[in-house]
J.: 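Structure below; questions to follow.
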Amino acid sequence: MKTLAAVPGFLASIALLPLHPIAIAKTHYPCEDIRHYYSSTNGLHGIQLQKQLGSIVSVHDTIPYRKVWDALMILDAADVDNPEGSPDVIEIYSLRAVSKQLAGRPNGWNREHLWPRSYGLTDAPSLSDLHNLRPADVNVNSSRGNKYYGECADTFADCLRPANREAAPDTETDKQRWAPPLQVRGDIARSLMYMAVCYGFHHPDANPPLHLSDSPNVENREMGLLSELLKWNKLDPPSREEQLRNERICKLYQHNRNPFIDHPEYANLIWKLAIPQSSTAYSPSLEAWVNEFHYTNKGEDRNEFVEIIVKQSTDVSALQLLLYNGANGKIYESLPLEDEKVFSISDGGSGFLIYTTFVRLQNGPADGIALVSGRNEDHHEVVQFLSYGASRLGRRRPGVEIEPKWADSPSTTPQANMAVSMRDVDSAFQGAGQKAGLEIWRIENFRPVPVPKSSNGKFFTGDSYVILKTTALKSGAFRHDIHYWLGKDTSQDEAGTAAIKTVELDAALGGRAVQYRELQGHETEKFLSYFKPCIIPQQGGVASGFKHTEINEREHETRLFVCKGKHVVHVNEVPFARSSLNHDDIFILDTKSKIFQFNGSNSSIQERAKALEVVQYIKDTYHEGKCEVAAVEDGKLMADAEAGEFWGLFGGFAPLPRKAASDDDKSADSFSTKLLCIEKGKPSPIEADSLTRELLETSKCYLLDCSAEVFVWMGRNTSLEDRKSASAAAEELLHRADRPKAHIIRLIEGFETVTFRSKFDAWPQTTDVTVSEDGRGKVAALLKRQGLNVKGLMKAAPVKEEPQPYIDCTGNLQVWQVNGQEKALLSSSDQSKFYSGNCYIFQYTYPGEDKEEYLVGTWFGKKSIEEERSAAISLSNKMVESLKLQAVQARFYEGKEPIQFFSIFQSFIVYKGGISSGYKNFVAENDIADDTYTGDGIALFRVQGSGPDNMQAIQVDPVASSLNSSYCFILHNGDTVFTWSGSLTTSEDQELIERQLDLIKPNVQSKPQKEGTETEQFWGLLGGKSEYPSQKIGKESENDPHLFSCTFFKGNLKVTEIFNFSQDDLMTEDVFILDCHSDIFVWVGQQVDTKTKLQALTIGEKFLEHDFLLEKLSRETPIFIVMEGSEPQFFTRFFTWDSAKSAMHGNSFQRKLAIVKNGVAPTLDKPKRRTPASYGGRSSVPADKSQRSRSMSFSPERVRVRGRSPAFNALAATFENPNARNLSTPPPVVRKLYPKSVTPDSAKVAPRSSSIAALTASFETPKMNLIPKSSKEANAKTNNINSDKNAKESPKNNKIEAIQEDLKEDEAEDDDGLPTFPYERLTTTSSDPVTEIDVTKRESYLSSSEFKEKFGMTKDAFYKLPKWKQNKLKMGVQLF
């Protein structure tokens, strides 16, 4: 296929994928040569240009209407770079990705004619013209009907926004007009302009011609609104997706083009209409608008607010809300959107954020609010201006008089996310939920009154409370959970007020919080997790007339509490009597001088341990930490002193009664889940064979009765009164005498919890349309290549820190390849070279805080066979067992490796095919072509990574479609080697390709190729040009972590989520899973039985299979098995970690009892460091560390000639593996990627004493050490620590002293004791480079003053930075 010619606004280097939806002859169509396609239009305008374009584009092939489905599946595929492989298409009005399989189905998508059929489309070719057809949601398509395009007319008060509940939030419609999403308004405008040109004169089906105008008319075939379409064409220029679509229609289907995509300027040349500079124009670069505002013109200003919708990718630092006084023409307040003290920010879904501010608005004649862009007050761009006056509000546009609606009347306009009016929201909630943490209000006289933070967790039985938990998510948005807590003695009126105020608070937060009803003694685990270890409500209340009293604030009162719960503790006070005790629960008796914990014989160890946390809380809170604690076991009689004392307080021992059945014990197994619709405040059952999402209508509220839980589902387009009525109906449902106590959970449409969704047989997967900073950078790069100014866009994107491995990367690595049922140890030169058809086992030993740490992992290639995968797991299990289960075990799949894996290997290569016996037999038995890599054949490698300490080369198919503009590639055919740099790559990316070339094809000169300037020989090796992607291959990002307690029995896995978790939640008797989405960790306690320990990997795989959070977890997600006491830092970083706790003796109860009684934790003896176990008959000696360092430097003249002294070369020749392929690697240098890692014996190398003696004899007496100061200090420290030890060891363990060389006469000396050289001679591009230095530490040879000038910091400060950050800074000044 031919490359695209350069056209304005299009990327010349993008080629087409080899698509085959229709049989295509190798004909060169005129539309492919864009330069000549429009050559006859030069100098034309108006009707002449329109006619000439019509004569050009009307000559095209006609697609049968029945084949339009297949074409749209390619043209509008969700993945524009791989349309055939994409399972989804993008709907034009909702911008959602939907399955291709739903084509033509009632709940799917159909073929939307942008120019409606009723406006003159009756037969082919206009009926099936692909430029005019797009996929659209069935319901949205029906809503649009044959409305013409345009924003809502100001004369209509019934503008609906969004236009349909399934449409995008920024759509709108009235009785006649339809405004599509901002993102595609230009696309639609250009499609209609094409139709007016193609069928405006030469209508092939003999129908009347089509026209555009501002007076649309079905009979005259006039579509519009022309002025709106012209404006949209200007404000929303052609995107890459739109251009690719145009190109594919040309080459694959109709063989014509849309001229307005190639030349948007044709629109004005034809219709000669000046585009009105509307003050309400939406800028596509900003994509922000005022969605709703409210002001009061009677009495005091209460609950006045402005709500602004902003696309997540927008740079809000330039946006301001200006409040305008119409009487004097002045701005009385300016509110920057980036000020989080002024605006609360919440997630609006579909890639939009909602900014809300409560502010007093003036209400004089012609007052208004303006959303503007720009930091310079003299050069503001008006994004939107809204004018209102006196008692009316409306929307004013230039030259258009408006018919405003009354501000006092209820809003009839459904908003983008909710239809709730805000004017009745209580002022106490103003500013709530703007920062992470807890906020609590108590209901007093039917009003919420804030509770001081010092009183958080203190509840009174006679009161009702509203509690807001705000959680900051990794995405930057806030999640809100609202609870209303009802004390057992609270009045009905107070309880009702709390329920209503909860709905109001939710409205103030944007209508997307999950709301929970909490009854004293029956609280949800999530609620109790906010107040660990427990809440103990106190007597008293406001409305009840009780006086608030503090427990034991005067004379101590003996109290008896019952404790229930394994993860959080429900604490309830019970009568101080023997009859309150039973064998199943745990009881705490609080006396003046001693606290007793009575453990029922049927209670679990975990419950007893959790109850001890309550004992500690009581001891600290009510005894100032000064009282005795005693544990009494059920069944121990008077013979035990503490048991005797305990029973004596009850008047002596007596048999305990059986526990009476309570509501909590009633089984809900037989209960059938019911769905009820709220009609006029009353619930009515919904009869359906199964529960599906389609049963829930957005304009209604529903109850889902699950016995123990009652969910209230509220549609987005329901009013505040509807929601209050639904909540009241749920309360009434639970007041029935036959009902057990239950939790009420209220949900807003679009923000349903996982638990709620799991109750339905079918719930559609939701797609989060978010714009990452990576994507933002790619857009900026594409725009820059088109010659556009991207300064603002690039400035908005913050610097993205690389993910950190949180593991010391200076350890020792051993790798085995699985061969059938055995494993074979790889040499150090081959241990980072894997084959996609093989399986591998690795053991990484590295220094921990006080002992050697181990990571034993398996790696499965994409083409590896199942038998060898099973063998790898079995062999790695034996290795872990031999290490007494003290190793972290990991399971990785090719393409899903975590950062720890790449950081350990540093340089990693994946070849195609396999060399194991199992793979070879499989290929032969199944008659599959063996594509195993050979150095003398054609091979293409994609180079990726973040730096020299994390770089990979992945072999891909040697075809042009494997290229990607975001990566560098190595292509070789024997000794003919090309390096290819994509147009979106950085200098750091291009540095990596040279490093990887040293490993793949050392000592071979390569031919550099840059995207767009390739030679014919390069394309010839790839089989010719074709289209290839430009976006980086996405990696699963780390999400907010979730902790689960696990029960695994007979192959069935059950999990319970632990909310607001801490280290104390990890019980030594249990198995837990920490789910971070990108990785999962299976934590196994010391007291877990051996059988379950050996099933840990199976438990992790079952967790991935079930996907309990419905987060689309891949079955190939990395799994880490972590044993208690051997937790690595990349696990403990999710906790506030105390290593002493995981090193304690005994079970959970014994450990916590020791802490409660003594305040200290008994710890296990710290294991000593030991030499790691050896496998495969080869000792894991420190010599293997020689391959750990892979720092290299490059000269522009000779790409891979390294500058180092003859002494270093001699040493390297002696100690490097003679079979190593990387002949240009410099001598070993210890790397520390993580700043807190412990420095090992960095100078240890393999013992070759005779070589050392011969080598040192060739040197003169050294005068100066050329190793940089940081390395010297580390070595000196290590030498001191190990001096006594080394004196006793055999010569085999002696260390080689650092090589020292003479200082030349003309070299200066710095404070570090190193020679100094000018910066110009130290750079990697120097024309007069310094020789005989450590090229990995070029910066250390700068003088102190020049170092500070170049790096902006001292050397000491520089060497305290993480290694990866040092390397980035060095790259920036060409010293790396």
Side-chain angles (χ1 to χ4, degrees), residues 151-152 159 161-162 168-172 179 181-183 278-295 303-324 331-361 367-375 380-388 393-397 411 413-423 425 430-434 476-478 480 507-512 716 770-771 796:
E151 297 173 14
C152 289
C159 180
R161 196 160 195 256
D170 50 342
T171 57
E172 61 180 43
L182 293 168
Q183 186 176 328
S278 170
S279 61
T280 59
Y282 301 123
S283 168
S285 63
L286 296 172
E287 298 191 8
W289 65 90
V290 176
N291 188 54
E292 181 182 2
F293 72 98
H294 173 77
Y295 79 97
N303 304 324
E304 295 181 334
F305 72 94
V306 181
E307 179 182 274
I308 301 170
I309 304 291
V310 183
K311 193 167 184 179
Q312 282 186 346
S313 58
T314 302
D315 177 13
V316 296
S317 63
L319 287 175
Q320 297 183 64
L321 181 68
L322 305 182
L323 307 184
Y324 170 81
I331 295 170
Y332 62 90
E333 193 157 4
S334 175
L335 307 172
L337 263 68
E338 65 180 358
D339 190 344
E340 295 184 359
K341 295 180 180 178
V342 176
F343 285 90
S344 64
I345 307 169
S346 55
D347 190 353
S350 299
F352 291 87
L353 297 175
I354 300 176
Y355 287 70
T356 306
T357 180
F358 287 82
V359 62
R360 292 191 174 188
L361 299 174
D367 289 342
I369 58 178
L371 182 63
V372 301
S373 172
R375 297 175 177 83
H380 277 145
E381 174 193 355
V382 177
V383 179
Q384 192 175 18
F385 178 75
L386 301 173
S387 175
Y388 58 93
L393 85 89
R395 183 170 175 174
R396 186 180 302 279
R397 298 183 183 177
S411 171
T413 305
Q415 301 303 322
N417 293 289
M418 56 182 293
V420 175
S421 172
M422 299 284 288
R423 63 177 176 270
V425 174
Q430 182 172 338
Q434 295 187 23
F478 285 132
H480 295 116
L509 295 169
R512 54 193 52 81
R716 285 189 182 182
T770 57
V771 179

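Excluded from the calculations below are hydrogen atoms, water molecules and symmetry mates; all remaining heavy atoms, backbone and side chain alike, are included. Only a predicted model underlies this, so the values are computations on that prediction, with no experimental measurement involved.
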J.: Measuring from L323:CG to Y332:OH, what's the distance to the nearest 0.5 Å?
T.: 4.5 Å
J.: Distance check, rounded to the nearest 0.5 Å: S344 atom OG versus F358 atom CZ?
T.: 7.0 Å
J.: Is there a donor-acceptor pair closer than 3.5 Å between any side-chain N or O of E307 and the backbone N or O of T356?
T.: no
J.: Is a side-chain N or O of H480 found less than 3.5 angstrom from the main chain of L509, in a donor-acceptor match?
T.: no
J.: Whether the side chain of T357 engages the backbone of F343 through a donor-acceptor N/O pair (distance < 3.5 Å, no angle test) should be reported.
T.: no
J.: Tell me every residue that passes side chain to side chain donor-acceptor pair (under 3.5 Å) with Q434, counting only those two or more places apart in sequence or in another chain.
T.: none
J.: CD1 of I345 to CD of E340: how many Å apart, nearest 0.5 Å?
T.: 5.0 Å
J.: Between E338 and S317, does any side-chain donor sit less than 3.5 Å from a side-chain acceptor?
T.: no
J.: Heavy-atom distance under 4.5 Å between the side chains of I309 and V290, does that happen here?
T.: no
J.: What distance do L335 atom CG and I369 atom CD1 have between them, rounded to the nearest 0.5 Å?
T.: 10.0 Å
J.: Supply the atom-to-atom distance L322 CG to S334 OG, rounded to the nearest 0.5 angstrom.
T.: 5.0 Å
J.: Can you name the closest pair of heavy atoms from E172 and C152 and give their distance?
T.: OE2-N, 2.7 Å
J.: Go through it in stages, so that I can follow the logic: the residues are I308 and L321, the test is side-chain contact (heavy atoms from CB on, under 4.5 Å), and I'd like the CA-CA distance, side-chain angles, deciding distance and then a yes or no.
T.: CA-CA 9 Å; I308 301 170; L321 181 68; 4.1 Å; yes
J.: How far apart are the closest heavy atoms of L182 and W289, and which atoms are they?
T.: CD1-CZ3, 3.6 Å
J.: Just by distance, do the side chain of D170 and the backbone of P181 share a donor-acceptor pair under 3.5 Å?
T.: no
J.: Do the non-hydrogen side-chain atoms of L319 and T314 ever get within less than 4.5 Å of each other?
T.: yes
